[in-house]
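Some notes on the structure that comes next.
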Amino acid sequence: MPSTPTVVGPFVKATASDGGRAVRDSKNQHGPRLHFGPAQWTAFTDSVKGRAHQG
C-alpha cells in the first residue's frame, strides 16, 4: 500500500519506504533519492529540529 508523501520543506518530499523513508527533490521527480532507515530518519529529523530551535 503506497504511503502519502510528506512535504518536509519547500522542495523536499519524504515517503515511507522499506521501514524507513525515501527523500527526493519535489521539482525533480526522476532525480536521485536518498534512502534513510528508521534509526537514520529519526536521527536526521531530530538534528533538523535541534537546529530549528537554535535559531
Side-chain angles (χ1 to χ4, degrees):
M1 181 168 160
S3 65
T4 303
T6 302
V7 177
V8 180
F11 305 109
V12 177
K13 284 190 178 178
T15 303
S17 172
D18 298 326
R21 297 287 184 270
V23 181
R24 69 169 172 85
D25 181 343
S26 64
K27 296 186 304 178
N28 185 1
Q29 294 183 11
H30 302 291
R33 289 176 170 81
L34 298 174
H35 294 272
F36 294 91
Q40 294 170 315
W41 182 251
T42 298
F44 171 73
T45 56
D46 287 349
S47 174
V48 171
K49 290 175 191 174
R51 290 180 189 171
H53 292 295
Q54 292 175 1

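These numbers were taken from a predicted model, which means no experiment stands behind them.
Atom NE2 of His30 is separated from atom CG of Asp25 by 12.5 Å, given to the nearest 0.5 angstrom.
A search for side chain to side chain contact (heavy atoms under 4.5 Å, CB included) contacts involving Ala22 returns Ser17, His35, not counting sequence neighbours.
Pairing each heavy atom of Arg24 with each of Pro32, the nearest pair is CB-O, 3.9 Å.
The backbone N or O of Trp41 lies less than 3.5 Å from a partner atom in the side chain of Thr45, making a donor-acceptor pair.
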